[in-house]
Number of protein chains: 2
Amino acid sequence: MLTNRPEETFGLLLADGARLLRLRIDRALEEAGLGLTPGEARTLAYVALSPASRQTALAAQMNVEPMTLVAFLDRLESRHLVVREQDPTDRRAKIVRLAPEAQPILERVHGVTRKVQERALQNFRPEEVEMLQALLKRMRANITASEPGRGQE
Amino acid sequence: MLTNRPEETFGLLLADGARLLRLRIDRALEEAGLGLTPGEARTLAYVALSPASRQTALAAQMNVEPMTLVAFLDRLESRHLVVREQDPTDRRAKIVRLAPEAQPILERVHGVTRKVQERALQNFRPEEVEMLQALLKRMRANITASEPGRGQE
DNA sequence: GGCGATTAGTAAGCATGCCTTATTATCTGA
DNA sequence: TCAGATAATAAGGCATGCTTACTAATCGCC
């Protein structure tokens, strides 16, 4: 008896998988010499996906606190990869846009993440990749849905 | 055209899934009031899985640097959840064992991670859970294998 | 019009995880 | 016996993401 109950294996699997994947993406981005941290790259990708969003909306979409996003945007802006414009309809709000210079960077980010993905899913058949993708998507939906206020009550 | 190419969706899915899962486990452990950080909990689980291992072996199994493990063990030891004994066959090495007091804590950690898992996989059928588990396991194997330098060989 | 409540963004500071580089003690093998 | 490898550790660094608190602007409502 090795204390090898399935639950514990699955919990570790989740935690390890999550951790390792993060690490690989992190390292791959670093090796790419883009000067982007994973969070910055992720932010860039989301800005590209939802152009002309407000910061609050972007943060909600990314599932991070607004404050966390501010830090990413600060760094991206100082690299001239995004622009913050004032929302003409609300002077408190800002609209985030991709800077033109960001386009090639974005392509390279995609290249990097694609490579990580390929390595992680090396011997998977295409339908297995799709299956994994579908399951993960459902899992993410469950996770984000199960958090009401964030602190919850 | 929403720049909605599949690659980028999958990359974000991987990154987001990894991040969110980590966060949930983190928060669940904190709410449980065990006074354990995720890393500590993970370490505890691994010590239980491979009792009487050396630190180096444990670190390799956990896929962290030895130095990272030292920090976790320091904290676990100061809480009397693990014990470090000298390896009788090598005075440099130490054998890590679970302290008797750790057993109930470990059970509660399992409870917490099981709950996170249940919430994340809410509407999954049992065979889907198994499928996900199998795919993740293969992915983890790919990831750890693809690291030449330190990931063991 | 004006006052309170809410909202957008931000400042500051903290904990965690994980790494890297370097140090000390010990072991091993030629 | 002595060089080189190995086990654990010390010290320090960076990124992530959070929380709490503050400012400015807007909205709701009388």
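Each chain gets a letter, A, B and so on, in the order the sequences are listed, and its residues count up from 1.
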**Q.** Integer-rounded Å distance: dC19(C) P and R24(A) CZ
**A.** 9 Å
Q.
Is R84(B) close enough to dA7(D) that one of its side-chain N or O atoms is under 4.0 Å from OP1 or OP2 there?
A. no
Q: Whole angstrom is fine here: how far is it from CZ in R75(A) over to C1' in dT16(D)?
A: 8 Å
Q | Between C1' of dT16(D) and CD1 of I25(A), the distance in whole Å | A | 14 Å
Q) Considering only dG17(D), dC19(C), dT9(D), which nucleotide approaches the side chain of Q55(B) most closely? A) dT9(D)
Q. Checking all strands, does T68(A) fall into the base, sugar-phosphate, or nothing category for heavy-atom contacts under 4.0 angstrom?
A. base
Q: For D90(A) and for G39(A), find the nucleotide of DNA chain D with the closest heavy atom, then tell me which residue's nucleotide is more 5'.
A: G39(A)
Q) Counting only side-chain N and O atoms of R54(B), is one of them less than 4.0 Å from OP1 or OP2 of dA8(D)? A) no
Q) For V64(A) and R91(A), take the nucleotide of DNA chain D holding the closest heavy atom to each; which residue's nucleotide lies nearer the 5' end? A) V64(A)
Q: In whole angstrom, give the distance that lies between atom CZ of R42(B) and atom P of dG17(C).
A: 8 Å
Q: Tell me, please, which residues at least two apart from E85(B) pass salt bridge (charged side-chain N to carboxylate O under 4.0 Å, His left out).
A: R97(B)
Q | Spacing of M67(B) atom CE relative to dA8(D) atom C1', expressed in whole Å | A | 9 Å
Q) Picking from dC18(C), dC19(C), dG17(D), which would you name as closest to the side chain of R22(B)? A) dC18(C)
Q: Please report, rounded to the nearest Å, how far the P atom of dT6(D) is from the CD atom of E65(B).
A: 15 Å
Q: May I have the distance from N63(B) (atom CG) to dC18(C) (atom P), rounded to whole angstrom?
A: 10 Å
Q | Nearest-angstrom distance from the residue atom CG of L21(B) to P of dG17(D) | A | 14 Å
Q.
Under a plain distance cut-off of 3.5 Å, with no hydrogens placed, do S53(B) and Q61(B) share a side-chain donor-acceptor pair?
A. no
Q. Closest approach of T43(A) and G39(A), non-hydrogen atoms and distance?
A. OG1-O, 2.7 Å
(Q) Looking only at the side chain of R92(B) (C-beta and beyond, no hydrogens), which of the listed nucleotides dT6(D), dC18(C), dA11(C) gets closest? (A) dT6(D)
(Q) Taking CD in E30(B) as the centre, count heavy atoms belonging to other residues, nucleotides or ligands within less than 6.0 Å. Is the count above 12? (A) no
Q: Show your working on salt bridge (Lys or Arg N to Asp or Glu O under 4.0 Å) between R84(A) and D74(A) and close with a plain yes or no.
A: CA-CA 10 Å; R84(A) 281 192 260 218; D74(A) 282 352; 2.3 Å; yes
Q) Which part of the nucleic acid, if any, lies within contact of T56(B), taking any heavy atom under 4.0 Å across all strands shown: a base, the sugar-phosphate backbone alone, or nothing? A) sugar-phosphate
